[in-house]
Amino acid sequence: MKKNLNILLILLFIPLAVLRADEGMWLPSLIGELRIGDMQEKGFRLSADDIYQINQAAITDAVVSFGGFCTGELISAEGLLITNHHCGLGSIQRHSSLENNYLDEGFWAMSREEELPNLELYVRFLREVQDVTETVLEGVEDGITEQSREQIIGRNIRKLQDEAMDRTQWKAVTKSFYYGSEYCMFLYEEFNDVRLVGAPPKAVGNFGGDTDNWIWPRHTGDFSFFRIYADENNNPATYAAENVPYKPRNFLPVSAGGVDTGDFTMVCGFPGNTDQYLLSSDLEMIIGKSLPAKIRIRTERMEVMQNQMDKSDEIQIKYSAKYARVANAWKKWQGVIKGINKVEAIAQKKDYEQKFSGWVCRDPAGRREYENVLDSLECLIKKESDLILAYEYQREILGAIEILRFAGNFMDLVEAFQNREIGEYYLDNTIDIAREQSSDFFKDYTVAIDMEIFRRLLIIYMADLPETYYPVPLQEAMQKYRGDIDGYTTYLFDKTIFSSKEKIMSLLEDPDQADLKKIENDPVFSLARACEDLSAKIRHSYRSITDLKNTIYRLYVKGLREMEPDRGFYADANGSMRIAYGQVRDYRPRDATRYGSLTTLDGIIEKSYLSMEDYIIPEKLRELYEQKDFGPYTVNGKVPVCFIASNHTSGGNSGSPVLNADGHLIGINFDRNWEGTMSDYVYDVNQCRNIVVDIRYVLFIIDKYAGAGHLIDEMKIIPK
Ligand code: ARG
Ligand code: GLU
């Protein structure tokens, strides 16, 4: 019997071990210690030193943080960089005009002279990682408040970073791990002359648009090319025409051999934010309260935008980027809720908490510090839950009203006026900024949309929150209008000068005291100001809870790591470079349905027959397809387009290189599957997939579609 029981136990635990398999995003500096054995067992043919090494060329030397919001990688000795189309979009858009519509037509620099500078853009190479926990925590005593802890830590970090920057001239960034138990300092070399080299038309680069966003099967050619420029000594320099292409320490060879189901894959990039160690009640609050509220609010916003966009092409152009931004998280959140329910993550977490309690009880004296961890967290989560809507609505409702944000900017101007004596220069400067902001704002503004969004969101705000959370002018108005939200909305938008470009621009021509009065007496301005005060108060109360929570989560995770010393914990994403590994793998999204792991050009053509706006393709692509003019970029006669793998990724991993077992580039990461977006909270190897554009599709488009084969000549292609 005992023996049978043992076998049963072993059988029970094997699936758990398998489940953990591909989970995790690991610091490159810890790969050697923690993961390399497992990676090699799964097929990786290189060593930990090939991934990351100080002062020696390694894979991580070919990867950059792209503008702080995406990832990019070097693919030539001449500073050529590839990232996603949606990461380069800002630059592509800024260079586009009606005559040169790079968004619609694509852009390809046929010579270095044609590459386009982007003053707002930077890339950063990670040069060094240091564990600085000891120094950062110097002087932090047990039992001090979280605020004093932050102060001490802040001082220590500043000192450390200043020294490092003096020593290296690199940029130092320190990040906290495991809720502030550990700290690492990252040293980055930053380059500011980054030029646009090429981008496909959006019908390729954003094929499928919002319809396919977060969706597998996918067919998007989500890539664009940039080039890093340096001064004559190969050092970072601000833009200058005479700068030369940067010679990187390392660049990634490109695999022409491609991938197949089951192959080892690895992703290296900069994921932004995850929450893997939350308690079940925290997760319950998120999927039961916070996300549904935010989804509902965004549904209203999107409906209003869509109604107006359907009526006018002009509004369509003005609002399509805004709409996409709102829709991206809106769609993701719905996937998160579904995914968490599907894998029964709440129940899983509850079991895990029980396990923790049991572990604490088994040695009450030795584990006394953990005795109250769960109870205290529960109590704080309850408190947070009471405040969560008020907190979220500041951003999702008050922050969603365009005119409030715009009028809020004028607080700087009012202040500059009041402090005139400090210097006319400061005032002039502020006026210049206000002019620029105003012309930007009105370029894409439609008052009818904003007004209707204001009206609808105000209804939600007032229905869900008690009056103590109303900004003062709203309290007063509601008395005056006896709760008539329509009447108040009409009054506000009739009365304000902030909805009129003429009025604002003429006011900014040469503003005087009378103009200042006009601003200060404006009802939208007063509301914006009151919202700002209110938000600051709410943020303050909210932080007093989350700071405490943070302290106790720190203890909780410390306990978990003691409880499972062999598990190999990884810290939540925090914008630092991480390695994830897994394999090309299909999945079952729902009963009786299996999604294959690779898509091809055939799928693009199929979708194009659905006659949907998001699936319109360029004529040239159809011609290539019909003439089977595929060049060498085929497998069994078909052009590969995208694939999925089980790499644990998150927002910020866009543009990350996806590498094979030899460290060759096989694709560019750009999304996750809808059923797997909950991986920011719980990763499940059967459901979670990252979506990758196949490098062979990239090569096909530049060569066959764009005739930009000179870019391929620059790369190091590893033949099939
Ligand atoms: N969902 C991807 C990422 O967060 C891609 C977003 C851009 N693409 C789009 N069709 N909106 O962020
Ligand atoms: N598209 C996301 C980004 O821009 C990556 C997708 C994800 O969240 O996994 O970072």
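All figures in this text were calculated on a predicted structure; none of them were measured in a lab. In each ligand, atom 1 is the first atom listed, and ligand 1 is the first ligand listed.
Neither the backbone nor the side chain of Phe270 comes within contact range of ligand 2; no heavy atom lies under 4.0 Å. Contacts between Ser650 and ligand 2, counted as non-hydrogen atom pairs separated by less than 4.0 Å, involve the backbone only.
Considering backbone and side-chain atoms together, Asn669 places no N or O closer than 3.5 Å to any N or O of ligand 2. The shortest N/O to N/O separation between Ala324 and ligand 1 does not fall below 3.5 Å. Among the atoms of His86, some N or O lies under 3.5 angstrom from an N or O of ligand 2. Polar contact with ligand 2: present for Phe670 (N/O pair, distance under 3.5 Å).
Among Thr211, Asn206, Asn213, the single residue meeting the side-chain hydrogen bond (donor to acceptor under 3.5 Å, both in side chains) criterion with Asp614 is Thr211.
Using a 4.0 Å cut-off between a side-chain N of Lys or Arg and a carboxylate O of Asp or Glu, Arg296 and Glu300 do not qualify as a salt bridge.
Heavy-atom proximity to Asp671, at under 4.0 Å, picks out these atoms of ligand 2: 6 (C). Taking every heavy atom of Asn206 and a limit of under 4.0 angstrom, the matching atoms of ligand 1 come to 9 (C), 10 (N). Residue contact check: Gly209 has heavy atoms under 4.0 Å from atoms 10 (N) of ligand 1. Listed by atom number, the atoms of ligand 1 under 4.0 Å from Asp210 heavy atoms are 11 (N).
A side-chain donor from one of Asp450 and Tyr445 sits under 3.5 Å from a side-chain acceptor of the other. In this model, a donor atom of one side chain and an acceptor atom of the other lie less than 3.5 Å apart for Ser597 and Thr261. With no hydrogens or angles considered, a side-chain donor-acceptor pair links Asn328 and Trp214 at under 3.5 Å. In summary, the side chains of Ser679 and Arg672 do present a donor paired with an acceptor at a separation below 3.5 Å, with no hydrogens or angles considered. Under the 3.5 Å distance criterion, with hydrogens and angles disregarded, a donor-acceptor pair is assigned to the side chains of Ser656 and Asn653.
With respect to atom 1 (N) of ligand 1, the closest heavy atom belonging to the protein is Asn213 OD1, 2.7 Å. Looking only at heavy atoms of the protein, atom 4 (O) of ligand 1 is closest to Asn328 ND2, 3.1 Å. Among all non-hydrogen protein atoms, the one lying nearest atom 2 (C) of ligand 1 is Asp671 OD1, 3.1 Å. Protein heavy atom at the shortest distance from atom 9 (O) of ligand 2 is Arg672 NE, 2.6 Å.
Separating the CG atom in Asp694 from the CG atom in Leu598 is a distance of 8.0 Å, to the nearest 0.5 Å. In this structure, Thr71 OG1 and Arg578 CZ are separated by 12.0 Å, a value rounded to the nearest 0.5 Å.
Cation-pi check for Arg585 over Tyr587 is not met; the charged atom does not lie both under 6.0 angstrom from the ring centroid and within 45 degrees of its normal.
Within the structure, ligand 2 lacks Phe69 among the residues with a heavy atom less than 4.0 angstrom away.
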